[in-house]
Colleague: 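Below you'll find the structure I mean.
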2 protein chains.
Amino acid sequence: MNTASTGGGGREPRWLTEDEQRVWRAYLHATTLLEDHLDRQLQRDAGMPHIYYGLLVQLSQAPRRRKRMTELAIDAKITRSRLSHAIARLEKNGWVRREDCPSDKRGQNAVLTDDGFKILERSAPGHVEAVRQAMFDRLTPEQVGKLGEIMKIMAEGLQPQDSGADLPWLR
Amino acid sequence: MNTASTGGGGREPRWLTEDEQRVWRAYLHATTLLEDHLDRQLQRDAGMPHIYYGLLVQLSQAPRRRKRMTELAIDAKITRSRLSHAIARLEKNGWVRREDCPSDKRGQNAVLTDDGFKILERSAPGHVEAVRQAMFDRLTPEQVGKLGEIMKIMAEGLQPQDSGADLPWLR
DNA sequence: GACTCATTCTTGAAAGTTGAACTATGTGGG
DNA sequence: CCCACATAGTTCAACTTTCAAGAATGAGTC
């Protein structure tokens, strides 16, 4: 980390300009509202929060509809701990089951069940519609393009850098 | 709501195109990483999650550094319940205190304490720096402008619409 | 004033998240 | 084989969020 100055020990901070503040607030505003909106939509229509839905989607797209826990955690950008809890809950719903990894006795695969797949089929249309209404229906193609570029750049800058300690790399 | 079709009863859903999917994934990816990053940064440097920090900021900018609970909840885009818990926690830290609203006996003001203000002064530089590094340092001025427009549009479309039931308008 | 309904805020329990500690297995060297 | 250390996943406790009540005050109507 080169954020030694982050603690407040540095010189005059580079405050945001008026314009930047406006953009930042708009960003926070929009992202919060959208996340809340999707969480509610999916909680209502699929009985789970957005992140859990995302896990099922990942599994549905994986070969044989299964994935190693760690891999799933990385792809979904969550900690293994969080994933453990999440899979436990989804397992209770009968939408996922665990299976021992044949090649590594430490490992577990999360497997999407048929019930899980059905839930996905059933709720996917409503979810896509919600995403469309919130984003793609409201933006011009040009804006969508720009948004894609911008988000890609931001994501790159935040990629779980190197490491240093135990396993902060995993987030 | 005109989302009658959301439940899955409608006709063929308007799936996302390949490009749209890419943008959507990039959006989710970037926003998740950034939120996590800021949450950690603030938890580490200020001892509270991002949203709590936002509450202190709001208070610091309000006249006399105080605000009615409901108003604060709306501005911060959270439920009053969540705010109640949050303020309780911040109060325990000594960064905020409650005071009865003089004009409405039902009301409460959340007041930023001197300690709260100090925490803010102390952690603001690091926080701005984190935001800069994640967003403004990586985007061109043109991109920042576009991002602002885009986020504004999205936020407008998600504004706590009307209502219907109890108080879902408040989110 | 009494009724009714709206508004403000809090509370409690259930659900979800976090970070650290823990178990078990894999890996590379002596 | 034995050791030290890395990896995979889970678990626990503390914390945060959500949802559904609930207590109190305000406002409008008769």
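Here is the naming used below: chain letters follow the sequence lines, and residue numbers restart at 1 for every chain.
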Colleague: Taking atom types as modelled, find out whether Glu35(A) and His50(A) have a side-chain donor-acceptor pair closer than 3.5 angstrom.
Modeller: no

Colleague: For Gln43(A) and Asn109(B), take the nucleotide of DNA chain C holding the closest heavy atom to each; which residue's nucleotide lies nearer the 5' end?
Modeller: Asn109(B)

Colleague: Consider the side chain of Arg80(A), meaning its heavy atoms from C-beta on, and name the nucleotide among dT10(C), dA8(D), dG16(C) that approaches it most closely.
Modeller: dA8(D)

Colleague: For a 4.5 angstrom cut-off between non-hydrogen side-chain atoms, does Lys77(A) reach Leu33(B)?
Modeller: yes

Colleague: So what does Leu83(A) hit on the nucleic acid, given a heavy-atom distance under 4.0 Å: a base, only sugar-phosphate, or nothing?
Modeller: nothing

Colleague: Which nucleotide in the list dT25(D), dT25(C), dG9(D) gets nearest to the side chain of Lys105(B)?
Modeller: dT25(D)

Colleague: Between dA24(D), dT18(C), dA8(D), which nucleotide gets closest to the side-chain atoms of Arg82(A)?
Modeller: dT18(C)

Colleague: Look at Asp45(A) together with Arg122(A) and state whether they make a salt bridge at an N to O cut-off of under 4.0 Å.
Modeller: no

Colleague: Output the single nucleotide from dG9(D), dT17(C), dC9(C) whose closest atom is nearest the side chain of Thr70(B).
Modeller: dC9(C)

Colleague: What integer distance in Å separates Leu55(B):CG from dT16(D):C1'?
Modeller: 13 Å

Colleague: Taking the nucleotide of DNA chain D with the closest heavy atom to each, which residue, Met48(B) or Ser103(B), is nearer the 5' end?
Modeller: Met48(B)

Colleague: Using a strict cut-off of less than 4.0 Å between a Lys/Arg side-chain nitrogen and an Asp/Glu carboxylate oxygen, indicate whether Glu99(B) and Arg97(B) qualify as a salt bridge.
Modeller: yes

Colleague: Between atom CD1 in Ile74(A) and atom C1' in dA8(D), what is the gap in whole Å?
Modeller: 11 Å

Colleague: Could Arg14(A) and Asp137(B) be called an ion pair, given the rule that one side-chain N must be under 4.0 Å from one carboxylate O?
Modeller: yes

Colleague: Using atom CG of Asp39(B) as one end and atom P of dG16(C) as the other, report the distance to the nearest whole Å.
Modeller: 19 Å

Colleague: Could you check which of dC9(C), dG9(D), dG26(D) has an atom nearest any side-chain atom of Gln108(B)?
Modeller: dC9(C)

Colleague: Arg89(A) side chain N/O closer than 4.0 Å to the phosphate oxygens (OP1, OP2) of dG16(C)?
Modeller: yes

Colleague: Would you kindly give the CG-to-P distance between Asp100(A) and dT23(C), to the nearest whole Å?
Modeller: 19 Å

Colleague: Are Leu34(A) and Leu38(A) packed together at the side-chain level, in the sense that at least one heavy-atom pair is separated by less than 4.5 angstrom?
Modeller: yes

Colleague: Do the side-chain N or O atoms of Arg98(B) get closer than 4.0 angstrom to the phosphate oxygens (OP1, OP2) of dC9(C)?
Modeller: no

Colleague: Ile51(B) has an atom CD1; how far is it from atom C1' of dT17(C), in whole Å?
Modeller: 15 Å

Colleague: Mind calculating the distance between NE2 (His50(B)) and P (dT17(C)) to the nearest angstrom?
Modeller: 19 Å

Colleague: Rounded to the nearest angstrom, tell me the gap between atom CD in Glu91(B) and atom C1' in dC9(C).
Modeller: 13 Å

Colleague: Tell me if the side-chain of His85(A) makes a donor-acceptor pair with the base of dG9(D), cut-off 3.5 Å, by modelled atom types.
Modeller: no

Colleague: So for Ser81(B) and dT11(C), does any side-chain atom that can act as donor or acceptor lie under 3.5 Å from a complementary atom in the base?
Modeller: yes

Colleague: Quickly work out the Arg106(A) CZ to dC5(D) C1' distance and round it to whole Å.
Modeller: 12 Å

Colleague: By nearest atom, which of the nucleotides dA8(D), dT10(C), dT7(C) is closest to the Ser84(B) side chain?
Modeller: dT10(C)

